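Small disclaimer: the values here were computed from a predicted structure and weren't measured. Here is the naming used below: chain letters follow the sequence lines, and residue numbers restart at 1 for every chain.
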There are 2 protein chains.
Amino acid sequence: MDVTMKDVAKLAGVSLSTVSRVLNDSSLVREETAHKVKKAVKKLDYQINDSARILRTNTSNLIGVIGAGMERPFLANLLKGIEAEAREKGFALIYGDSDGEFEKEQNYLNIMKQKKIDGIILITTNYYNDLLNIVKNYQIPVVFASGYISDPEIPCVTVDNVAAAYDVVDYLTRAGHKEIAFIKGPDLDLLASQERLRGVKLALRIAQLPYNSGRFIEGDFTFESGYSAAEKIMRKFPKITAIFAFNDEMAVGAIRYLKENGYQIPDDIAVVGFDGIELGKYTLPTLTTIEQSGYQLGLKSIELLDKIIAEEELEDNKVFIPHKLVVRESINKLSAKELASIKNKEVLVTNN
Amino acid sequence: MDVTMKDVAKLAGVSLSTVSRVLNDSSLVREETAHKVKKAVKKLDYQINDSARILRTNTSNLIGVIGAGMERPFLANLLKGIEAEAREKGFALIYGDSDGEFEKEQNYLNIMKQKKIDGIILITTNYYNDLLNIVKNYQIPVVFASGYISDPEIPCVTVDNVAAAYDVVDYLTRAGHKEIAFIKGPDLDLLASQERLRGVKLALRIAQLPYNSGRFIEGDFTFESGYSAAEKIMRKFPKITAIFAFNDEMAVGAIRYLKENGYQIPDDIAVVGFDGIELGKYTLPTLTTIEQSGYQLGLKSIELLDKIIAEEELEDNKVFIPHKLVVRESINKLSAKELASIKNKEVLVTNN
DNA sequence: TTGTAGGCGTTATCAT
DNA sequence: ATGATAACGCCTACAA
């Protein structure tokens, strides 16, 4: 078997407890003794047995992450942010993908509980309401990182999807677009996509444009679904002048369809995405989009979770990360005057 | 504290060992007793304490994954494949990103050892030689999933990078391209990028074209590096007719530069990528590339690792996943006759 | 078929 | 300042 504290104690000529004290930097140990122990640790290349420690202390320095569709660039960066900040704070990560299925989510929740995780980050949108109950029951610190959770007990970190979607439509209408179609996310997505929908509706109402549910085509956040949604849109609504896709991949898929079929972007059709993934800077035309940082989202999620685990007082358990509309080639820019009218507009959208 | 086996035993009116037997489906337990126990388990919502089990059995059903740059679409899919197959086989995942830094890799290796992982998957290319030594020392089953490892003791799963890169250049030369430039990976990447380089050199030699190291521009697998590499290439080698980028993102970055500067693709410049990420089907022009499945790569890696953990006899500890050259709009297709000359060619490249 | 008891490697509570 | 000892929750001989 592996080297244990016992071996270290023997080599250093001290007792088990002393070794333990040294390893946990207890102050009540003579420097000389500590030195002996450390030497023995190094010599034997001793590694602590985490299971034994966890069994005894009931704290694991382990954070569980349950996600879905994490191969999407935005979410891949989210995971990267989570990992980096977790490492920084001394946590290791248990990672599971739920494919958006409730059963798998439950399953991972159980596994993670069995491993005595200190906290959990949920990046999942379909059955979050059902999850909420389980999670509350489990009494494990949790942070949602996939949208706004209205339950006041549940901490979450997210972009302000309503405001961001509002900004997009607001910009488009001020640029003169009256006939806009939308590629929304899956109806199963109860968070981000629904929130963006609300932002869109709000902006349409303010601009006194009609809300026509037929113009919202369902996609699933893939290139392919953006492509085929664009096809549907142009067939059903040939008079459309702008398309707002609820993520960048769908927007890129739509652009491919449009260009393939002879539409000029932005002159015939303006296209806007959401997320601000790197790709958007390298398409032709480059992609106008809502820029938000997945990495930042991940980082903030761990930060919040860490505070909850440490039982610190929270300022707020709802955290928003910044976003901004980045206007690139896929839409026509507003004139300076038109732009000013936006800058001065009153804040119409609040965070709920 | 949580519910333990003791509580279950008491409620079911049996002893601890009986409960343990039931939970591990030992055959030596009366069905009736088993039923009682299971009822108690359900009633109390008992969850095993994994740390205690691991401490006792010294096996964790935990697999460690150390990667770098996992936000790249190909690698994100690799992780997805790993996760799916690991779950299928009853493993949970500990995931760590090394940023390609040796120190972080070492660090995670230690952490994972402390957690008594059953095996480890390494997706890292920079210092793999240094890692090898540590890993061998640790005596933990390992699989490399990022390139061919020549050390016969070390299992790995990978695409045949040499053959694939050869295929690309072979196709280009037969299509008449004599002036080809390359966007390679980081020189620090000691695996995939180096192997592709070898495939390229081989094909150039066979085609009796000169090898000119100046025509290999270093990139880092990002869009941005592809863009700026293309810029360098066109400035230094205006007579170039084809660019082969060692991954799809760099190819897309290059395409953006070329189109932005008035080059027609493929007529002025042909462009080929590597990986076959989904995006390549939606660019304009669509991207010619080597298609390999990251998901499949992940799946096979776990499959192999699982066999090693179970101490099954291996057919081979070097596993190759399939690849194929997918010709899309970014290069001109070969005529049927030219194509035939490839199909009939003798296999010039072997797997080492 | 079931129960008893010892031990996995730590930490924490007592003494000393 | 250090050491002996009892848990933590589980598995597994061995005994019954």
Side-chain angles (χ1 to χ4, degrees), chain A residues 1-41 44-62 92 110-118, chain B residues 1-41 44-62 92 110-118:
Chain A
M1 260 304 302
D2 287 337
V3 178
T4 74
M5 276 179 36
K6 215 168 170 177
D7 303 313
V8 176
K10 197 180 295 172
L11 180 61
V14 296
S15 76
L16 265 186
S17 354
T18 302
V19 176
S20 175
R21 286 194 191 95
V22 173
L23 292 175
N24 296 292
D25 334 273
S26 162
S27 49
L28 1 128
V29 71
R30 220 173 19 171
E31 189 159 342
E32 195 189 318
T33 334
H35 188 71
K36 270 195 305 189
V37 171
K38 280 175 187 165
K39 226 170 74 182
V41 165
L44 297 173
D45 190 26
Y46 165 78
Q47 306 258 27
I48 197 175
N49 182 322
D50 231 12
S51 311
R53 192 186 54 72
I54 297 172
L55 176 60
R56 192 55 237 245
T57 63
N58 220 28
T59 138
S60 62
N61 297 320
L62 217 46
N110 282 337
I111 290 175
M112 288 171 177
K113 196 185 179 197
Q114 292 166 184
K115 298 200 182 302
K116 296 273 179 276
I117 51 167
D118 291 345
Chain B
M1 258 304 303
D2 287 336
V3 178
T4 74
M5 274 179 40
K6 215 168 169 179
D7 303 313
V8 175
K10 198 181 294 171
L11 180 61
V14 296
S15 76
L16 265 185
S17 24
T18 302
V19 176
S20 175
R21 287 194 190 96
V22 173
L23 291 175
N24 296 294
D25 331 275
S26 163
S27 49
L28 1 128
V29 74
R30 219 174 18 173
E31 190 158 343
E32 194 190 319
T33 332
H35 188 72
K36 271 195 305 189
V37 171
K38 280 175 186 165
K39 224 171 77 181
V41 164
L44 296 174
D45 190 26
Y46 166 77
Q47 307 258 27
I48 197 175
N49 182 323
D50 230 12
S51 312
R53 192 186 56 70
I54 297 171
L55 177 60
R56 188 58 235 251
T57 63
N58 219 28
T59 139
S60 63
N61 298 319
L62 217 46
N110 282 338
I111 291 176
M112 289 173 176
K113 195 184 179 199
Q114 292 165 185
K115 298 198 182 306
K116 295 274 180 276
I117 51 166
D118 291 344

Q: Find the bend of the helix from C:dT1-D:dA16 to C:dT16-D:dA1 as the angle between its two terminal axes (five pairs each), to the nearest 10°.
A: 40°
Q. What's the CZ-C1' distance between A:Arg30 and D:dG3, to the nearest Å?
A. 14 Å
Q | Euclidean distance, atom CG of residue A:Asn61 to atom C1' of C:dT10 [Å, nearest integer] | A | 14 Å
Q: Find the distance B:Leu55:CG to C:dG6:C1' and express it as a whole number of Å.
A: 13 Å
(Q) Please report the distance, rounded to the nearest Å, between CG in B:Asn49 and P in C:dG9. (A) 17 Å
Q) Atom NZ of A:Lys36 to atom P of D:dA1: distance rounded to whole Å? A) 15 Å
Q: Find which nucleotide of DNA chain C each of B:Glu31 and A:Gln47 is nearest to by heavy atoms, and output the residue with the more 5' nucleotide.
A: B:Glu31
Q) Can you tell if the side chain of B:Leu44 reaches within under 4.5 Å of the side chain of B:Val8, non-hydrogen atoms only? A) yes
Q: Would you kindly give the NZ-to-C1' distance between A:Lys10 and D:dG3, to the nearest whole Å?
A: 16 Å
Q. Do any pairs count as a salt bridge (charged side-chain N to carboxylate O under 4.0 Å, His left out) and have a residue in residues 6-29 of chain A, sequence neighbours left out, and if so which ones?
A. none
Q: Quick one: label B:Ser51 by what it contacts on the DNA or RNA (base, sugar-phosphate, nothing), any heavy atom closer than 4.0 Å.
A: nothing
(Q) Rounded to whole Å, how long is the line connecting atom CG of A:Asn58 with atom P of C:dA12? (A) 11 Å
Q: Sequence neighbours left out, what passes side chain to side chain donor-acceptor pair (under 3.5 Å) with A:Ser51? Give chain and number order.
A: none
Q. Can you name the residues that form a side chain to side chain donor-acceptor pair (under 3.5 Å) with A:Gln47, not counting sequence neighbours?
A. B:Asn110, B:Tyr138
Q) Looking at B:Ser15, does any N or O in its side chain come under 4.0 Å of the phosphate oxygens OP1/OP2 on C:dG3? A) yes
Q: List for me each residue that meets side chain to side chain donor-acceptor pair (under 3.5 Å) alongside A:Arg53, sequence neighbours excluded, and say none if there are none.
A: A:Asp50
Q.
Across nucleotides 11-16 of chain D, 5' to 3', mark each nucleotide with B, S or - according to how protein heavy atoms within less than 4.0 Å reach it.
A. BBB---
Q) Rounding to a whole Å, what distance do you find between B:His35:NE2 and C:dT1:C1'? A) 18 Å
Q: May I ask you to evaluate whether B:Thr18 reaches the phosphate of C:dG3, defined as a side-chain N or O under 4.0 Å from OP1 or OP2?
A: yes
Q) Can you name the residues that form a side chain to side chain contact (heavy atoms under 4.5 Å, CB included) with A:Leu23, not counting sequence neighbours? A) A:Met5, A:Val19, A:Val41, A:Tyr46
Q: Would you mind reporting whether B:Asn49 and B:Asp2 have side-chain heavy atoms less than 4.5 Å apart?
A: no
Q.
Using the side chain to side chain donor-acceptor pair (under 3.5 Å) criterion, which residues pair with B:Ser17? Sequence neighbours excluded.
A. B:Ser15
Q. Can B:Lys116 and B:Leu62 be said to form a side chain to side chain contact (heavy atoms under 4.5 Å, CB included), step by step?
A. CA-CA 8 Å; B:Lys116 295 274 180 276; B:Leu62 217 46; over 6 Å; no
